[in-house]
Amino acid sequence: MFKKKALRINTYLGYGTSTLFRATGRALEDENVDFSTNQSVFKTLRNIYRQFESDEIRNIPIEIKLPNGKIIETQTDQEGYYHLELDINTLFEHKNNRGWIPYTASYKKENKYKTISSNNEFKSEMLIPSDQADFGIISDIDDTILHTGVASLFKWRVIANTVFKNFDKRTAIEGTVKFYKKLHLGIKGSSNNPFFYVSNSPWNLYDYLSAFFKKNHFPKGPILLRDFRTPFDKTPKPKIPHKQSEILNLLKMYPHLNFILIGDSGEKDADIYTKIAEEYPRRILAIYLRNVKHRRKEKRIKKIIHAFNVCPILLIHTSEEAIAHAKTSGFIH
């Protein structure tokens, strides 16, 4: 007889406001995934497989506990996710000096499973951007921060880089950490400009990407991924592309905050970013697109840039180019 696996909750860093609490996560069977450093290729391959193979726990009650002891109940959906939004007027009392509110997620104690990992306490945080922030930054991940090869033929490099390389074997694109830290500090050199990371990667890779960000000391921020779709998935595709939807949500959530958008020339970032800037012409301060060195794609991006005049848009070859422009524009010190 097979041994019943323990349960866990994958909590995701989120964002909200001083009056709106939001929490997202996923209830799963615990596959004992361990993204430790200096591990073998076999262990990395096994970890990635387990991230995608892990079974969700559907329609089960989840309790969210705030710093003041208040408990809020929610429930997972058919994919094991929970998405909680609740108006609470006292959230500002609980945030730390960086704008983060800690909370825990737990299974309700009266469930059929006897074994739950981490003593049934899964920590997470929600970001409330500072009122003193100069602007927010929304950055793509694939080939903008992390070499993945999304522009490669059949995307074989994406598979090779993610499946066979542990997070500590991956290197951040040169200069990105320096540039992002400067943006985080802003023109005063002491600001707390919020970061949000968007990607078309599935939520299954959240722990992998989170470990990579921490190792490389990127500014802390929510990582906004999407649900994994199999070729046999019959549910209708979203009408709006994932990245576009997430950026629009942020613009609506923080109507008094302007943004800098960072992406690359490999996929659809230029199309999405320029469309958003045209819709919100006073809200997007600049667009930076890293050149992925693909001749045909570069030619297409240059056409888009040439026809666009809503805000500054740069096709950059190095982070130093972006830093120089950001200094001249008064974004960074």
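This structure is a prediction, so every number in the text was calculated from the model and none was measured.
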From [X] atom [atom1] to [Y] atom [atom2], the distance as rounded to the nearest 0.5 Å:
{"X": "Lys243", "Y": "Tyr273", "atom1": "NZ", "atom2": "OH", "value": "5.5 Å"}
{"X": "Asn204", "Y": "Leu209", "atom1": "CG", "atom2": "CG", "value": "11.0 Å"}
{"X": "Glu246", "Y": "Leu225", "atom1": "CD", "atom2": "CG", "value": "9.0 Å"}
{"X": "Ile71", "Y": "Lys108", "atom1": "CD1", "atom2": "NZ", "value": "9.5 Å"}
{"X": "Asn96", "Y": "Ile128", "atom1": "CG", "atom2": "CD1", "value": "10.0 Å"}
{"X": "Leu84", "Y": "Thr24", "atom1": "CG", "atom2": "OG1", "value": "8.5 Å"}

What pairs with His317 under ring pair (Phe, Tyr, Trp, His ring centres under 6.0 Å), at least two apart in sequence or on another chain? none

Would the number of heavy atoms belonging to other residues, nucleotides or ligands and lying under 6.0 Å from [atom1] of [X] be above 12?
{"X": "Gln75", "atom1": "CD", "result": "yes"}
{"X": "Glu85", "atom1": "CD", "result": "yes"}
{"X": "Asn119", "atom1": "CG", "result": "no"}
{"X": "Asn68", "atom1": "CG", "result": "yes"}

Contact summary for [X] and [Y], nearest pair of heavy atoms:
{"X": "Arg282", "Y": "Asn258", "value": "O-OD1, 3.5 Å"}
{"X": "Gly175", "Y": "Ser319", "value": "C-OG, 3.2 Å"}
{"X": "Trp203", "Y": "Asp227", "value": "CD1-N, 3.7 Å"}
{"X": "Ser139", "Y": "Ile145", "value": "OG-CD1, 3.6 Å"}
{"X": "Ile64", "Y": "Ala105", "value": "CD1-CB, 3.8 Å"}
{"X": "Ser18", "Y": "Leu91", "value": "O-CB, 3.3 Å"}

Without swapping roles, check the side chain of [X] against the backbone of [Y] for a donor-acceptor pair under 3.5 Å.
{"X": "Arg290", "Y": "Asp143", "answer": "yes"}
{"X": "His184", "Y": "Pro194", "answer": "no"}
{"X": "Tyr103", "Y": "Met126", "answer": "no"}
{"X": "Ser118", "Y": "Asn120", "answer": "no"}
{"X": "Ser199", "Y": "Ser201", "answer": "yes"}
{"X": "Asp87", "Y": "Leu20", "answer": "no"}
{"X": "Asn192", "Y": "Arg98", "answer": "yes"}
{"X": "Arg283", "Y": "Leu257", "answer": "yes"}
{"X": "Thr274", "Y": "Asp271", "answer": "yes"}
{"X": "Arg226", "Y": "Asn200", "answer": "yes"}

Would you call [X] and [Y] a salt bridge, taking side-chain N to carboxylate O under 4.0 Å as the test?
{"X": "Glu79", "Y": "Arg58", "result": "no"}
{"X": "Lys178", "Y": "Glu320", "result": "yes"}
{"X": "Lys65", "Y": "Glu121", "result": "no"}
{"X": "Lys302", "Y": "Glu298", "result": "yes"}
{"X": "Asp140", "Y": "Lys268", "result": "no"}

Mind checking whether [X] and [Y] have side chains closer than 4.5 Å, heavy atoms only?
{"X": "Asp30", "Y": "Leu7", "answer": "no"}
{"X": "Tyr208", "Y": "Phe213", "answer": "no"}
{"X": "Ile173", "Y": "Leu146", "answer": "no"}
{"X": "Thr76", "Y": "Ile62", "answer": "yes"}
{"X": "Phe196", "Y": "Ile137", "answer": "no"}
{"X": "Lys123", "Y": "Thr11", "answer": "no"}
{"X": "Arg26", "Y": "Ile9", "answer": "no"}
{"X": "Pro61", "Y": "Tyr107", "answer": "no"}

Fit a plane to each ring of Phe218 and Tyr180, take the angle between them on a 0 to 90° scale, and name the class: parallel (under 30°), tilted (30 to 60°) or perpendicular (over 60°). perpendicular

Same apolar cluster: Leu183 and Ile187, side chain cutoff 4.5 Å: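 No: no chain of side-chain contacts under 4.5 Å links Leu183 to Ile187.
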
Hydrophobic cluster membership, with links at side-chain heavy-atom distances under 4.5 Å among I/L/V/M/F/W/Y: are Phe92 and Met253 in one? no

Stepwise side chain to side chain contact (heavy atoms under 4.5 Å, CB included) check, Leu185 with Asn193: CA-CA 6 Å; Leu185 293 174; Asn193 297 328; over 6 Å; no

Working for side chain to side chain contact (heavy atoms under 4.5 Å, CB included), residues Glu279 and Leu248: CA-CA 10 Å; Glu279 189 175 347; Leu248 291 174; 4.0 Å; yes

Stepwise, does the side chain to side chain contact (heavy atoms under 4.5 Å, CB included) test hold for Leu13 with Leu127? CA-CA 8 Å; Leu13 292 180; Leu127 174 65; over 6 Å; no

With Thr90 via side chain to side chain contact (heavy atoms under 4.5 Å, CB included) - residues at least two apart: Ile88, Glu93, His94

Kindly confirm or rule out a cation-pi arrangement of Lys220 over Trp100, judged by NZ or CZ under 6.0 Å from the six-membered ring centre and within 45° of its axis? yes

Tell me whether Arg22 forms a cation-pi arrangement with Tyr15, defined as NZ or CZ under 6.0 Å from the six-membered ring centre and within 45 degrees of its axis. yes

Go through the steps for Lys5 and Asp55 under the test salt bridge (Lys or Arg N to Asp or Glu O under 4.0 Å), then give the verdict. CA-CA 10 Å; Lys5 296 175 183 177; Asp55 292 321; 5.3 Å; no

Thr74/Ile72 under side chain to side chain contact (heavy atoms under 4.5 Å, CB included): CA gap, chis, key distance, verdict: CA-CA 7 Å; Thr74 185; Ile72 308 162; 5.9 Å; no

For this output row, return yes or no: ring centroids of Tyr197 and Phe195 closer than 6.0 angstrom.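 Yes - the distance between ring centres of Tyr197 and Phe195 falls below the 6.0 Å cut-off.
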
Hey, do the aromatic rings of Tyr280 and Phe259 have their centres closer than 6.0 Å?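 Between Phe259 and Tyr280, which both carry aromatic rings, the centre distance is not below 6.0 Å.
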
Could I get the full list of side chain to side chain donor-acceptor pair (under 3.5 Å) partners for Tyr288, not counting sequence neighbours? His325

Would you sort out whether Thr144 and Asp264 count as a side chain to side chain donor-acceptor pair (under 3.5 Å), showing the intermediate values? CA-CA 5 Å; Thr144 300; Asp264 63 80; 3.0 Å; yes

